[in-house]
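Written below as structure tokens is the structure these notes are about.
The shown structure was predicted, so the numbers you read here are calculated from the model rather than taken from an experiment.
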Amino acid sequence: MSRLYGDPIEVWTRDGEPTQFVWRDRLYLVRRVLDHWVVAREWWKTSEGDPGERQFWRVEASPGREPGSYELRFDTASSGWLLLRAWD
């Protein structure tokens, strides 16, 4: 079962992929990327140089030993990350 959140998070990346993130004051290490997709919409553009993209990452990550699945979103307009969803 998944739960929706939409919480802002801080994310570290390597070669464009998330490697770790902080959510609710806990550091999660990304063990592997399960899926990645990009959605582009004209109305998301905030300037001519903005591609109007939102990048989605489904990752397996954990703050300790037990991993979980998490969906992260990067918004090119704001350069901000959100944790959208978590699976039990």
message: Any non-hydrogen side-chain atom of Ser69 less than 4.5 Å from a side-chain atom of Val59?
response: no
field: Approximate separation, where rounding is to 0.5 Å, of Leu84 CG and Asp7 CG
entry: 9.5 Å
Residues forming a side chain to side chain contact (heavy atoms under 4.5 Å, CB included) with Leu27, sequence neighbours excluded: Trp12, Gln20, Val22, Leu29
- line: The side chain to side chain donor-acceptor pair (under 3.5 Å) partners of Glu71 (sequence neighbours excluded) come to Arg58
message: Could you check whether atom CZ of Arg24 has more than 12 heavy atoms from other residues, nucleotides or ligands sitting under 6.0 Å from it?
response: yes
Heavy-atom side-chain proximity of Phe74 to Val38 below 4.5 angstrom: no
message: Once side chain to side chain donor-acceptor pair (under 3.5 Å) is applied, do any residues pair with Ser62, and if so which ones, sequence neighbours excluded?
response: Arg31
message: Using 0.5 Å steps for rounding, measure from the CD atom of Gln55 to the NE2 atom of His36.
response: 4.5 Å
query: Quick one: side chain to side chain contact (heavy atoms under 4.5 Å, CB included) partners of Glu17, sequence neighbours excluded?
result: Val33, Trp57
Path from Leu4 to Phe56 over hydrophobic side-chain contacts below 4.5 Å: no
query: Which pair of heavy atoms, one from Val11 and one from Pro18, lies closest together, and at what distance?
result: CG1-CB, 3.8 Å
message: Using 0.5 Å steps for rounding, measure from the CZ atom of Arg14 to the OG1 atom of Thr19.
response: 5.5 Å
query: Residues two or more places apart in sequence or in another chain: which of them pass side chain to side chain contact (heavy atoms under 4.5 Å, CB included) with Leu83?
result: Tyr5, Ile9, Phe21, Trp23, Tyr70, Leu72
task: Can you measure from CD (Glu60) to CG (Leu34) and round to the nearest 0.5 angstrom?
output: 6.0 Å
field: Set of residues satisfying side chain to side chain contact (heavy atoms under 4.5 Å, CB included) with respect to Arg26, sequence neighbours excluded
entry: Tyr28, Pro63
